[in-house]
2 protein chains.
Amino acid sequence: MNETVVLTPERILEATEDVLRRYGLAKATVVDVARALDVSHGSVYRHFPSKASLRDAVAKRWLDRANEPLCKLAASDGPAPERLEKWLRTMFEIKQKKVCDDPEMFATYLALAQEAREVVEAYKNKQCDLVAKILSDGIAQGVFEIDDVKATARAVFDATVRYHHPAHAEEWAKPECPSRIDALISLLLKGLRVCK
Amino acid sequence: MNETVVLTPERILEATEDVLRRYGLAKATVVDVARALDVSHGSVYRHFPSKASLRDAVAKRWLDRANEPLCKLAASDGPAPERLEKWLRTMFEIKQKKVCDDPEMFATYLALAQEAREVVEAYKNKQCDLVAKILSDGIAQGVFEIDDVKATARAVFDATVRYHHPAHAEEWAKPECPSRIDALISLLLKGLRVCK
DNA sequence: TGTCTGACAGATATTGAAATCTGTCAGCGA
DNA sequence: TCGCTGACAGATTTCAATATCTGTCAGACA
C-alpha cells in the first residue's frame with residue numbers, strides 16, 4: 001500500500017545507532033537522526049518521548065545483543081564449574097571486544113553505566129540471574145555448596161566487576177590481565193565448590 | 001637563626017591540601033597555593049618541578065595517612081581469616097568515610113586513580129603486599145590453602161574492587177551494600193580456607 | 001651562595017554573545 | 001482521522017576574545 005517506508009521505532013533506532021557511531025555520544029543530536037531518516041525531528045518525538053529515552057533504547061538493544069551468547073551459555077548443560085568459568089570468560093571477552101571494535105557505542109554505554117540508569121540496572125540483574133542459574137545447576141549436580149544462591153550470584157558478579165565494568169576498561173589491555181583473571185576465577189570457583 | 005619561617009616542601013603540601021579542600025581540584029592553582037603561603041608562585045616551583053608532581057605528593061601523603069591503620073592490622077597477629085575480614089572491612093570503611101568527610105580530596109584521588117598514575121599504582125601494590133602478608137600468616141597457621149600467595153592476594157584485591165575503587169563510590173551508600181559485602185567476603189574466605 | 005621575586009611566553013580557562021538543540025504544538029496534507 | 005511538518009520558546013552548546021595560569025629565568029636580596 002504504502003510505497004514510502006513508514007517511520008517505525010526500529011528504523012529510528014537503526015538510524016540513531018548509525019549517527020551515534022558516526023558522531024559519537026557528545027555530538028549526536030536528534031536533528032542528526034531526523035536528517036539521516038529524511039524526516040523532521042518532530043517526527044522522532046512521536047515515537048520516543050525524549051532524547052534520553054531514545055538513547056536508553058539504543059543502549060538496551062546494544063546490551064541485549066551483547067547478552068545473547070551469555071543467555072545461551074547459562075541455559076546449556078554440562079558441569080557447572082566449567083560452565084561458570086566459560087560464562088565469565090565469555091563476558092570478559094565480549095566486553096573487551098566491544099571496547100576495541102565499537103568505541104563510540106562503548107563510550108555511550110560507559111556514560112549510561114556511570115549514570116547508573118534503569119536500563120543498565122536491569123541488564124545487571126539479568127546477568128546475575130544467569131549466574132544464579134548456573135549456581136543452582138551446580139548445587140543440583142552436587143559440586144557447589146552455597147547458602148544463598150541469589151546473594152552468592154551477586155557476590156560472583158561483584159567480585160568480577162574489575163573485568164566487566166566499563167569504568168575499568170582501560171586496564172583490560174594490560175599484559176598481566178589474563179593471569180590475574182585466572183587467579184580470580186580459580187579463587188571464586190574454590191569458594192563455590194563443595195569441600196572434598 | 002631565621003625568624004621568617006622557611007618554605008619547606010612540607011609547608012607547601014600543607015597549604016596545597018588546604019587550597020585543594022577550599023577550591024576543589026578543578027579550581028586550585030599554583031598561584032593560589034603561593035598566595036596562601038605569601039610567596040611568589042615561582043618559589044613553589046623551587047620545591048616541586050610541576051603542578052602534577054605537587055598534586056601527586058599531596059595525594060601520596062593523603063593515601064599514606066589513610067593506609068596507616070591497614071598496615072597495623074596486617075602487621076598484628078591473630079587468626080588470619082578474621083584478620084583478613086577485619087582488614088577488608090576497615091579498608092571499605094576508610095574509603096567510605098573519606099567520601100563523606102573530605103569530598104574535595106576524594107575527587108582529587110578519583111582523578112588520580114582514573115589517570116592510573118604512579119602514586120596510585122604504588123599504593124595499590126602496597127595494599128596487595130599487606131593482603132599477601134595476611135595470607136602467608138594464614139598458610140603458616142594452617143587455615144589457608146593457597147598456591148600462589150602473590151597472585152591470590154591480587155585476586156582478593158581485584159575481587160573487592162567494587163568496594164574500594166573510587167569509580168564505584170556512588171554505589172557505596174546504597175542500602176543493599178552491607179549484605180552484598182558480607183556475601184562477597186564469605187565467598188572469598190571460603191575460597192581461601194583449607195577444606196575440612 | 002643560595003633563596004626568592006617578578007616579568008614573560010605559551011598553554012589553558014573563562015566568559016558572554018551567537019548558534020544550535022530539545023521538546024511542544026497548531027495546523028497541513030493524505 | 002492520523003502521521004508529519006515546521007515554527008517557536010527556553011535550554012544548551014559553540015566560539016572567539018579575553019583573562020588567568022603554568023613553568024622559566026635573569027637578576028634582586030640577604
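Every value quoted in this text rests on a predicted model; they were computed, and no experiment measured them.
Between B:Glu121 and B:Lys126, no side-chain nitrogen of the basic residue sits less than 4.0 Å from a carboxylate oxygen of the acidic one, so the salt-bridge criterion is not met. Salt bridge annotation for A:Arg35-A:Asp32: present, with a cationic side-chain nitrogen under 4.0 angstrom from a carboxylate oxygen.
Applying the salt bridge (Lys or Arg N to Asp or Glu O under 4.0 Å) rule to pairs touching residues 91-100 of chain A yields A:Lys97-A:Asp101, sequence neighbours excluded. Annotation: ring-ring contact (aromatic ring centres under 6.0 Å, His included) contacts involving residues 79-102 of chain A, sequence neighbours excluded, comprise A:Phe92-A:Tyr163. Applying the salt bridge (Lys or Arg N to Asp or Glu O under 4.0 Å) test to every pair with at least one member in residues 5-14 of chain B, sequence neighbours left out, gives these pairs: B:Glu10-B:Arg61, B:Glu14-B:Arg61. Among residue pairs with one or both ends in residues 166-195 of chain B, those qualifying as ring-ring contact (aromatic ring centres under 6.0 Å, His included) are A:His165-B:His168, A:His168-B:His168; sequence neighbours excluded.
In this structure, the OH atom of A:Tyr45 is 5 Å from the P atom of C:dT22, given to the nearest Å. The distance between atom NZ of B:Lys51 and atom C1' of D:dT22, rounded to the nearest whole Å, is 8 Å.
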Listing time: all N or O pairs from protein to nucleotides 5-9 of chain C that are below 3.5 Å?
from: C:dT5; atom 1: OP2; to: B:Ser40; atom 2: N; distance (Å): 2.9
from: C:dT5; atom 1: OP2; to: B:Ser40; atom 2: OG; distance (Å): 3.4
from: C:dT5; atom 1: OP2; to: B:Ser43; atom 2: OG; distance (Å): 2.5

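For A:Ala80, the side chain to side chain contact (heavy atoms under 4.5 Å, CB included) partners at least two apart in sequence or on another chain are A:Ile134, A:Gln141, A:Val143, A:Phe144. Listed by chain and number, the residues in a salt bridge (charged side-chain N to carboxylate O under 4.0 Å, His left out) with A:Arg193 amount to none (sequence neighbours excluded). A:Arg89 pairs by the salt bridge (charged side-chain N to carboxylate O under 4.0 Å, His left out) definition with A:Glu85, A:Asp182, not counting sequence neighbours. A search for ring-ring contact (aromatic ring centres under 6.0 Å, His included) contacts involving B:Phe106 returns B:Tyr109, not counting sequence neighbours.
Annotation for A:Val19 and A:Ala36: closest pair CG2-CB, 4.1 Å, computed over non-hydrogen atoms. Closest approach of A:Leu73 to A:Arg83, counting heavy atoms only: O-NH1, 3.5 Å.
Listed by residue number, the members of residues 23-35 of chain B with any heavy atom below 4.0 angstrom from DNA chain C are B:Lys27. Of all the residues in residues 7-20 of chain A, A:Leu7 reach under 4.0 Å from DNA chain D with at least one non-hydrogen atom. The stretch residues 52-62 of chain A does not touch DNA chain C, since none of its heavy atoms comes less than 4.0 Å from the strand.
Donor-acceptor pairing under 3.5 Å is lacking for the side chains of B:Asp56 and B:Ser53.
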